Structure formats: C-alpha cells, structure tokens
Undergrad: 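One structure is given below, represented as structure tokens, and several questions about it will come after.
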Amino acid sequence: MSAQAPIRRITAPQIRDRKGGDPIVSLTSYHAHTAAIVDKYADFILVGDSLGMVMHGMDSTIGVPLDLMIMHGKAVVRGTQAALIVVDMPFGTYEESPQMAFRNAARIMKETACGAVKLEGGARMAETIRFLSERGIPVMAHVGLTPQSVNTMGGFKVQGRDEAAWATHIDDAKAVAEAGAFALVVEGVVEELADRITAAVDIPTIGIGASKNCDGQILVLEDMLGLNPRVPKFVKIYGDLGPAIERAVSGYAEEVKDRSFPAPDNVYK
Ligand code: KIV
C-alpha cells in the first residue's frame, strides 16, 4: 500500500455539475511552475493549442503537433495538484473519424495523465464526442470562433454578428451537449448569442470573448499577463510581465557590460 495520500483533483463530472452554480475559473497554462500558481485559483487548467501562438511564435494553431501538446500537458500535470487538467486535441488529430480521435485522445490521457480533452466543432463533432465519452474520455467542446477553422472562416472573426447565424450556433451547442460533452467553451461570439447558448444547454459554458453570464470564464495566461505581443481586443491585461521582463534583462545586460556582475557574494570562493 502506498504511504502517500492520492492527489484529489477536480473531476470532469464535478465541472459539469457546476452548471448555473458558482462561476468556474479557468486559465491556460503551458509550463509547470506557472501552472502551480494557477492551480491555487483555477477549477480547471487548459493546455490549449494556443501554445503554438503564445509560446512558439506560430501565426495560427494549425501547425501544432500532438507531441508538443503531450509535452506541455505532462509539464502542467507535474506542476499541479488540484485543478482538472484539460488538454486540447490539435488540428488533424480527431476530425477524420471517431476511431482516430479515440486513438489520439487515449494517447494524450495515458501519456499526460490529464483528466479530459478538448476539441473544436459543433454538430459535426457530436458523433466523435459520444464515441469518446462512452469510452472513458471526458470531452470539453468548443464552439463559436474555433481557431482551428481560421482558414475556412477567413480569419479570427467574431461569430454571430449576423442574427441569421444564431440558430446554427445554438444547434451546435445543443448537439455537443446531447452527445455527452461535460462543458463547452464559447469563444468570440456576440454577447446575446453567448447568453442564448448558456440558456440552451444543460452543461456549463466557459466564455472567452463572449459574455459575463457564461457559467465560467477562461483566458490565455500569456495574454492576460501582457506576454503576448498580439493580444485579442477583448482581453483585460491583469499583469504587465512583458515590460517587467525587459527591465530585468536590460538591467542584467548593463551589469555584464560594465563588469558589475556578478555581485561579490554570488561567486564561489
Ligand atoms: O487553445 C486555447 O487557448 C483555447 C482557449 C482559447 C479556450 O482553446
């Protein structure tokens, strides 16, 4: 018998049960030590494929490989104890068939020890969400502005500006909820559409650039910390780490140049 008490994390069913309750707090994280800080405050942490853009300088999430998601997923699981860890399935790893999605989702779950996966798409992904959920893989869905569809959407465009499209977005949300998704990210949609989606489904909606009335909110950590040079308009900046890092790096560079580094008590005698 192990002498260590097992780690008790928040589970996907516990997140699902928060529909209409206390707002769900979530952030992305891609690094063990920042995830350890986020873990104190977040109900779930998403290892999102936005890491391709905010950590690896890509223009979109399309080029993110599965192995990179697994590598960052492992780091975040290692750094955390309490939050549910959700790992994004990157573009090209799940759309082709439910069987392909299961193989790749199972790899993510086995290799990272995360508690759930997320994938993008509404009604067209319902069969896959059912297939995974019925086989032990909790799935968070993602509708509205789905960044992996940037090429068919013609850019990162707010969805639902035209009311005629609302019914399709609401049907997408209902389809993934009925298929067994435990929660639903609603990204980049006009506020009233986000509110209607929240009212239409019995699973929690997690808003990003959507509405304060969603059941929870998520932000990309690097965006809210001021570490991404291309922050989306809707993001409130809570930290100013870009300039703070620049101050630290330029201070160090000056000291190296004028030979005042290292300080005398910083060297081995
Ligand atoms: O990849 C990501 O960071 C996401 C969030 C925007 C929800 O999917």
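Atoms within a ligand are numbered from 1 in the order they appear, just like the ligands themselves. Quantities reported herein were computed from a predicted structural model and do not represent experimental measurements. Nothing fancy with the numbering, it's 1 onward along the sequence.
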Undergrad: Please confirm whether the backbone N or O of Leu184 pairs with a side-chain atom of Thr205, one donor and one acceptor, at under 3.5 Å?
TA: no
Undergrad: Is it true that a side-chain atom of Glu95 and a backbone atom of Gly92 form a donor plus acceptor pair closer than 3.5 Å?
TA: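 Yes; judged by distance alone, with no hydrogens or angles, the pair exists.
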Undergrad: Check for a donor-acceptor pair, side chain of Lys19 on one end and backbone N or O of Thr198 on the other, with a separation under 3.5 Å.
TA: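 Confirmed, Lys19 side chain pairs with Thr198 backbone.
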Undergrad: Within ligand 1, which atoms have a heavy atom of Ile208 less than 4.0 Å away?
TA: 6 (C)
Undergrad: Atoms of ligand 1 less than 4.0 Å from His142 heavy atoms?
TA: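 Close to His142: 8 (O).
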Undergrad: Relative to the heavy atoms of Glu187, which atoms of ligand 1 are at a distance of less than 4.0 Å?
TA: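 Per the distance check, 6 (C).
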Undergrad: Is ligand 1 under 4.0 Å from a heavy atom in the side chain of Thr61, in the backbone, in both, or in neither?
TA: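 Neither part.
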Undergrad: For Thr28, take its heavy atoms, then give the atoms of ligand 1 lying under 4.0 Å from any of them.
TA: 3 (O)
Undergrad: Among all protein non-hydrogen atoms, which one is nearest to atom 3 (O) of ligand 1, and what is the separation to 0.1 Å?
TA: Ser50 OG, 2.6 Å
Undergrad: Please round to the nearest 0.5 Å and tell me the distance separating atom CD of Glu192 and atom CD of Glu163.
TA: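 CD of Glu163 is found 6.5 Å from CD of Glu192.
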Undergrad: Taking the side chain from Gln217 and the backbone from Ser211, do they hold a donor-acceptor pair closer than 3.5 Å?
TA: yes
Undergrad: Of all the atoms in ligand 1, which lie at a distance below 4.0 Å from a heavy atom belonging to Val220?
TA: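 This gives 3 (O) as the contact atoms.
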Undergrad: Check the pair Arg107 / Asp67 against salt bridge (charged side-chain N to carboxylate O under 4.0 Å, His left out), numbers first and verdict last.
TA: CA-CA 10 Å; Arg107 217 191 123 199; Asp67 286 343; 2.6 Å; yes
Undergrad: Of the protein's non-hydrogen atoms, which lies at the shortest distance from atom 8 (O) of ligand 1, and what is that distance?
TA: Lys118 NZ, 2.9 Å
Undergrad: Using 0.5 Å steps for rounding, measure from the CG atom of Asp88 to the CG atom of Asp49.
TA: 4.0 Å
Undergrad: What is the distance from atom NZ of Lys118 to atom CZ of Phe182, rounded to the nearest 0.5 Å?
TA: 10.5 Å
Undergrad: Between Asp88 and ligand 1, find which residue part has any heavy-atom pair under 4.0 Å and reply side chain, backbone, both or neither.
TA: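 Just the side chain.
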Undergrad: Taking 4.0 Å as the limit for heavy-atom contacts, which would you say applies to Leu46 with ligand 1: side chain only, backbone only, both, or neither?
TA: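 Only the side chain of Leu46 comes within reach of ligand 1.
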Undergrad: List ligand 1 atoms under 4.0 Å from Tyr30, heavy atoms only on the residue side.
TA: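 Selected atoms, number and element: 3 (O).
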